[in-house]
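Everything below concerns the one structure shown next.
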Amino acid sequence: MNSSYRENNNAYRKITSTDKKLVLYGAGSFGTSFKKIIDKFGIKAECFCVTTLKDNKREIEGLKVYELDSLPFKADECCFLLSLNESMHKAITEELEKRNFKNHIAVTQADMDLLLEDWIQYFFQSKGIDTSCEYIDCNGCKIVNGLIKKEIKQSFLYEAGDLIFPIFGDYSLLSEGPYEYSGVTLDSGDTVIDLGANIGLFSSVAASKGCKIYAFEPFPQVINYLCDLSQVYPEQITIVPEGASDCAGSTNMFIFNENTSNSIVFSSKSEVSAAKTITIPTTTIDQFINDNKIEKIDFIKADIEGSERLMLKGAVETLKKFAPKLSLCTYHVKDDPLIMEELILKANPSYRIEHKWKKLYAYVP
């Protein structure tokens with residue numbers, strides 16, 4: 001295995017140097033992702049710890065979850081790994097020390113990124129795959145090599161578990177969930193709409209399976225990577241530099257990250273005040289299909305940072321006429337699962353809908 005994590009990752013060295021029971025403080029997306037990564041390195045945590053139990057969840061990812069004041073370990077028995085947003089590290093450290101828990105290690109996003117990068121490198125090497133080239137060949141699916149492109153590395157790392165590893169039948173690092181599940185699968189000859197194409201990993205998978213893809217991506221910084229990818233699959237990937245919404249025209253996109261997580265919707269005024277904005281063109285799925293005289297749509301994938309429901313409002317005729325398979329992210333807005341299911345069934349009551357991981361899967365048998 002690549003050994004750079006031993007040399008460069010301070011958190012790894014600290015974690016493996018302690019003989020205490022390891023307790024993951026934080027059971028959100030950061031904590032659960034970190035748990036999956038350290039599992040790969042043979043580092044086993046005893047449990048999750050949280051300030052307050054949410055939804056009465058007492059087990060996550062196979063580990064018990066305890067509130068801090070209910071932890072069944074003495075202060076000198078355990079070491080806390082602060083696996084949550086870095087802005088909370090100081091406050092959590094103060095709470096721990098009030099209770100005489102002196103052993104704790106702050107885990108940063110950079111720590112987690114480096115561990116994940118090393119594991120992905122090792123994974124590819126174990127498959128005999130060259131990761132020094134511009135594109136990586138994954139069982140016949142050519143994907144852009146985000147390991148050697150600094151600007152898109154983080155996007156690449158965190159999409160790998162859901163999009164790259166499943167190519168090899170490995171689902172151990174799923175985060176949001178795969179895009180193919182149950183009755184929602186890509187078939188050769190499918191016409192696919194990839195909403196939030198980003199650096200094109202899903203488009204690559206679909207193209208490698210013989211699909212025709214319309215890759216929607218309005219964010220200028222990543223369109224260049226899609227352009228490069230479209231040269232790998234010139235007959236199959238068409239780039240659409242627009243956002244999908246409930247009306248055609250233009251709108252503001254709030255820029256929270258230079259590569260991903262940018263949105264035309266938002267959840268709080270504080271987020272908006274901290275974000276830059278750009279103006280992007282928008283269309284509806286119905287209008288795009290009509291304008292381009294597209295004869296069928298078989299599959300719609302969407303990871304568009306909270307505007308999935310807007311897209312569905314602009315795709316009513318498409319859902320009625322073509323009944324495409326749907327694979328949609330549902331974690332950006334709290335009531336996404338409920339609202340999106342209602343919109344789909346209102347447009348076409350024949351859909352069967354399943355919710356799993358952080359996605360909604362829908363198809364008409």
| query | Do the side chain of T282 and the main chain of C247 share a donor and acceptor less than 3.5 angstrom apart? | reply | yes

| Any side-chain heavy-atom pair from D246 and T284 closer than 4.5 angstrom? | no

| said: Just to verify, which of S83, C79, C49 counts as forming a side-chain contact (heavy atoms from CB on, under 4.5 Å) with V23? | reply: C49

| message | Looking at E217 and N198, would you say the former's side chain and the latter's main chain have a donor-acceptor pair under 3.5 Å? | response | yes

| field | Carboxylate-amine/guanidinium contact E342 K346, below 4.0 Å | value | no

| Nearest atoms (heavy-atom pairs only) where C227 meets S230 | O-OG, 2.7 Å

| said: Tell me if a side-chain donor or acceptor on T18 pairs with a main-chain N or O of I15 at a distance below 3.5 Å. | reply: no

| query | Would you call R309 and D335 a salt bridge, taking side-chain N to carboxylate O under 4.0 Å as the test? | reply | yes

| Heavy-atom distance under 4.5 Å between the side chains of D303 and L195, does that happen here? | no

| said: Between S182 and V184 (side chain of the first, backbone of the second, donor and acceptor by atom type, cut-off under 3.5 Å), is there such a pair? | reply: no

| task | Answer whether the closest heavy-atom distance between the side chains of K359 and E354 falls below 4.5 Å. | result | no

| query | Would you call K36 and E61 a salt bridge, taking side-chain N to carboxylate O under 4.0 Å as the test? | reply | yes

| request: Flag the pair M340 / I353 as yes when at least one side-chain heavy-atom distance between them is below 4.5 Å, and no otherwise. | output: no

| Does a side-chain N-to-carboxylate-O contact under 4.0 Å join K301 and D194? | yes

| message | For Y351 and Y363, I'd like to know if the aromatic rings sit close, meaning centre-to-centre distance below 6.0 Å. | response | no

| request: Determine the minimum heavy-atom distance between F322 and I289, stating which atoms define it. | output: CE1-CG2, 4.0 Å

| query | Is a donor on one side and an acceptor on the other found under 3.5 Å between the side chain of D162 and the backbone of G177? | reply | yes

| Do the rings of F80 and Y25 sit parallel, tilted or perpendicular, given the 30° and 60° boundaries? | tilted

| task | Keeping the roles fixed (side chain from N348, backbone from A323), state whether a donor-acceptor pair exists under 3.5 Å. | result | no

| Are V232 and I237 close enough that some pair of their side-chain heavy atoms sits under 4.5 Å apart? | no

| Minimum heavy-atom distance between S29 and T32, given as atom pair plus value | O-OG1, 3.2 Å

| query | Do the numbers put K212 on top of the ring of Y214, so that NZ or CZ is under 6.0 Å from the six-membered ring centre and no more than 45° off the axis? | reply | yes

| said: Does any part of the side chain of L22, heavy atoms only, come nearer than 4.5 Å to the side chain of I38, both counted from C-beta? | reply: no

| said: Applying the side-chain hydrogen bond (donor to acceptor under 3.5 Å, both in side chains) criterion to D190, which one of K325, K209, K296 satisfies it? | reply: K325

| said: Quick check on the hydrophobic clustering: are L81 and I43 connected, directly or via other members, by side-chain heavy-atom contacts under 4.5 Å? | reply: yes

| task | Compare all side-chain heavy atoms of V65 with those of K57 and state whether any distance is below 4.5 angstrom. | result | no

| said: Checking Q125 against T131 for the side chain to side chain donor-acceptor pair (under 3.5 Å) test, could you report, in this order, the C-alpha distance in whole Å, the side-chain angles of both residues, the deciding distance, and whether it holds? | reply: CA-CA 8 Å; Q125 289 168 9; T131 59; 5.1 Å; no

| query | Closest heavy-atom contact between V144 and I199? | reply | CG1-O, 3.6 Å

| Would you find a donor on one side and an acceptor on the other, under 3.5 Å apart, between the side chain of E59 and the backbone of K64? | no

| request: Could you check whether the rings of F123 and F168 sit parallel, tilted or perpendicular, using 30° and 60° as the cut-offs? | output: perpendicular

| Donor-acceptor pair, side chain of S327 and main chain of E180, under 3.5 angstrom | no

| Taking the six-membered ring for Trp, are the ring centroids of F216 and F288 within less than 6.0 Å of each other? | yes

| task | Locate the shortest heavy-atom distance separating H89 from V107; write the atom from each residue and the value. | result | CE1-O, 3.2 Å

| task | Answer yes or no: is there an ion pair linking K153 with E117, defined by an N-O contact shorter than 4.0 Å? | result | yes

| task | Can you label the angle between the F299 ring and the F202 ring as parallel, tilted or perpendicular, going by 30° and 60°? | result | tilted

| said: Using side-chain heavy atoms (C-beta onward) and a distance below 4.5 Å, is Y66 in contact with P72? | reply: yes

| request: Spell out, as yes or no, whether a donor-acceptor pair under 3.5 Å connects the side chain of N290 to the backbone of Q287. | output: no

| message | Do D286 and T318 pair up side chain to side chain, a donor and an acceptor below 3.5 Å, judged on atom types alone? | response | yes

| Are E95 and K98 close enough for a salt bridge, meaning some N to O gap below 4.0 Å? | yes

| request: Report the C-alpha separation of Y331 and W357 in whole Å, then their side-chain angles, then the decisive distance to 0.1 Å, and conclude whether the ring pair (Phe, Tyr, Trp, His ring centres under 6.0 Å) test is met. | output: CA-CA 9 Å; Y331 65 93; W357 296 288; over 10 Å; no

| query | Any donor-acceptor pair under 3.5 Å linking the side chain of E176 with the backbone of K358? | reply | no

| Test: K21 and D76 ion pair at under 4.0 Å | no

